[in-house]
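Just below is one structure, and these are the notes that go with it.
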Number of protein chains: 2
Amino acid sequence: MRPELETFQRLLTERGYRVTPQRMGIYEYLLDTKTHPSAEEIYQALKDRFPMMSQATVYKTLDLLLELGLIAQLGLGGQATRYDGNPDVHVNVYCSECHRIYDVMEPELPKLAESVARRSGFVVKGQRHEFYGICPECEARRSARMQER
Amino acid sequence: MRPELETFQRLLTERGYRVTPQRMGIYEYLLDTKTHPSAEEIYQALKDRFPMMSQATVYKTLDLLLELGLIAQLGLGGQATRYDGNPDVHVNVYCSECHRIYDVMEPELPKLAESVARRSGFVVKGQRHEFYGICPECEARRSARMQER
DNA sequence: TTCGTTGCAAACGCTTTGCAGCATG
DNA sequence: CATGCTGCAAAGCGTTTGCAACGAA
């Protein structure tokens with residue numbers, strides 16, 4: 001079993017929570033999926049494996065994973081909240097055309113966090129970085145469309 | 001009149017929109033308020049000045065201001081979306097205790113944007129940076145509480 | 001056997017929409 | 001005076017909640 005799933009099991013047991021197939025399935029899906037799905041997308045994707053599962057279970061499991069610090073939440077103002085199986089500090093780039101979200105590692109981020117803490121006087125506990133734009137594929141499709149005119 | 005309000009008027013007129021007291025009031029409030037209010041907070045704050053104004057007008061005006069690029073939107077997953085009268089690239093620091101949000105200027109951000117564009121291949125159009133933590137006041141209150149025990 | 005978890009459905013809160021009357025340009 | 005805007009109420013949608021039945025430990 002992948003190490004992240006083992007960690008999840010361990011944390012659940014340690015804190016008196018129970019290990020259920022739905023919980024493992026939801027976390028596994030989040031780890032596998034790179035496009036940062038919404039609760040609805042997770043629910044749809046797991047319908048085959050868990051035909052009886054309700055949306056409430058998805059939401060409750062996501063809350064639990066957030067509480068355990070295993071996932072991150074991306075609030076997109078208006079639209080449905082999306083979830084990121086990678087809780088480490090990184091940058092999310094969001095394509096306004098295809099609505100996919102990708103992760104980008106940025107080695108400068110820890111320095112930025114320090115600087116923000118210094119300037120603001122805050123005790124920094126977490127951070128989120130989002131860029132909006134057009135992904136390479138969508139951009140290529142756009143240029144192609146331009147060409148043919 | 002402050003330059004931002006003049007810009008707003010100009011943009012409205014240029015694009016065939018109309019200048020109304022409600023619109024000016026909402027934008028002015030966003031410029032004055034440093035805590036990044038939600039639509040509800042804006043509505044409550046302007047109730048005195050515009051007793052007849054509806055929430056719908058607040059939402060429609062916020063959409064318009066976003067479209068004109070005069071304000072920014074902060075999606076906070078679950079909670080109500082909040083609005084920032086400063087559309088320029090900056091960092092938001094969010095206090096998880098008092099829920100206030102402050103702006104921090106960071107001169108390194110343009111460099112970060114370049115780096116992200118290079119790594120991801122995206123055409124970057126916008127960005128948002130959020131830090132979570134405890135603000136100096138709340139932290140002081142916490143320490144004080146610790147002391148007295 | 002215990003008690004945390006699930007699935008269901010109803011409730012909830014934020015946001016959007018349709019429309020008649022109003023006010024701006 | 002034309003048409004874009006407002007206020008109102010209802011609808012929409014994502015998310016949360018209460019509860020009885022279920023299943024993990």
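Throughout, protein chains are lettered first and strands after them, A, B, ... in sequence-line order, and every chain is numbered starting at 1. Note that this is a predicted model, so its numbers are computed, not measured.
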Can you check the Tyr43(A) OH to dT6(C) C1' distance for me, whole Å? 13 Å
Find which nucleotide of DNA chain D each of Ser54(B) and Glu40(A) is nearest to by heavy atoms, and output the residue with the more 5' nucleotide. Ser54(B)
Counting only side-chain N and O atoms of Thr20(A), is one of them less than 4.0 Å from OP1 or OP2 of dT6(C)? yes
Name the closest nucleotide to the Tyr17(B) side chain, picking from dT5(C), dG14(D), dC5(D). dC5(D)
If you only use heavy atoms from C-beta on, which nucleotide in dT17(C), dG7(C), dT15(D) is closest to the side chain of Ala56(B)? dT17(C)
Rounded distance in Å - CD1 (Ile26(B)) to C1' (dC5(D)): 12 Å
How close do Ser54(A) and Tyr43(A) get, counting heavy atoms only, and between which atoms? C-CE1, 3.9 Å
Report the C-alpha separation of Lys111(A) and Glu108(B) in whole Å, then their side-chain angles, then the decisive distance to 0.1 Å, and conclude whether the salt bridge (charged side-chain N to carboxylate O under 4.0 Å, His left out) test is met. CA-CA 10 Å; Lys111(A) 272 183 225 164; Glu108(B) 297 302 310; over 6 Å; no
Under-4.0 Å side-chain N/O to phosphate OP1/OP2 contact, Tyr59(A) with dT15(D): yes
Between Met52(B) (CE) and dC22(C) (C1'), how many Å, whole number? 14 Å
Parallel, tilted or perpendicular: which one describes the rings of His90(B) and His36(B), with boundaries at 30° and 60°? tilted
When you get a sec, tell me which of dC8(C), dT6(C), dG7(D) is the closest nucleotide to the side chain of Thr57(B)? dG7(D)
Test salt bridge (charged side-chain N to carboxylate O under 4.0 Å, His left out) applied to Arg142(B) and Glu97(B), step by step: CA-CA 10 Å; Arg142(B) 282 190 164 196; Glu97(B) 199 142 319; 2.9 Å; yes
Between C1' on dA9(D) and CE on Met53(B), what's the gap in Å once rounded to a whole number? 17 Å
What is the distance, to the nearest angstrom, from the CD atom on Gln22(B) to the C1' atom on dC22(C)? 11 Å
Thr81(B) side chain N/O closer than 4.0 Å to the phosphate oxygens (OP1, OP2) of dT15(C)? yes
Just N and O in the side chain of Gln55(A): are any of them under 4.0 Å from OP1 or OP2 of dT6(C)? no
Of all the nucleotides listed (dG25(C), dG7(D), dC8(C)), which has the minimum atom distance to the side chain of Val19(B)? dG25(C)
Does the distance from a Lys or Arg side-chain N to an Asp or Glu carboxylate O, for Arg119(A) and Glu106(B), drop under 4.0 Å? yes
Rounded to the Å, how far apart are Leu74(B) CG and dC14(C) C1'? 16 Å
Closest nucleotide of DNA chain C for Asp63(B) versus for Phe50(A): which of these residues is on the 5' side? Phe50(A)
Measure from CG on Leu46(A) to P on dT6(C) and round the result to the nearest Å. 13 Å
When you measure only distances, ignoring hydrogens and angles, does the side chain of Lys60(B) come within 3.5 Å of the base of dG7(D) through a donor and an acceptor? yes
Tell me: CG of Leu76(A) to C1' of dC13(D), nearest whole Å? 15 Å
Is the phosphate of dA23(C) approached by Arg18(B) (side-chain N or O, under 4.0 Å from OP1 or OP2)? no
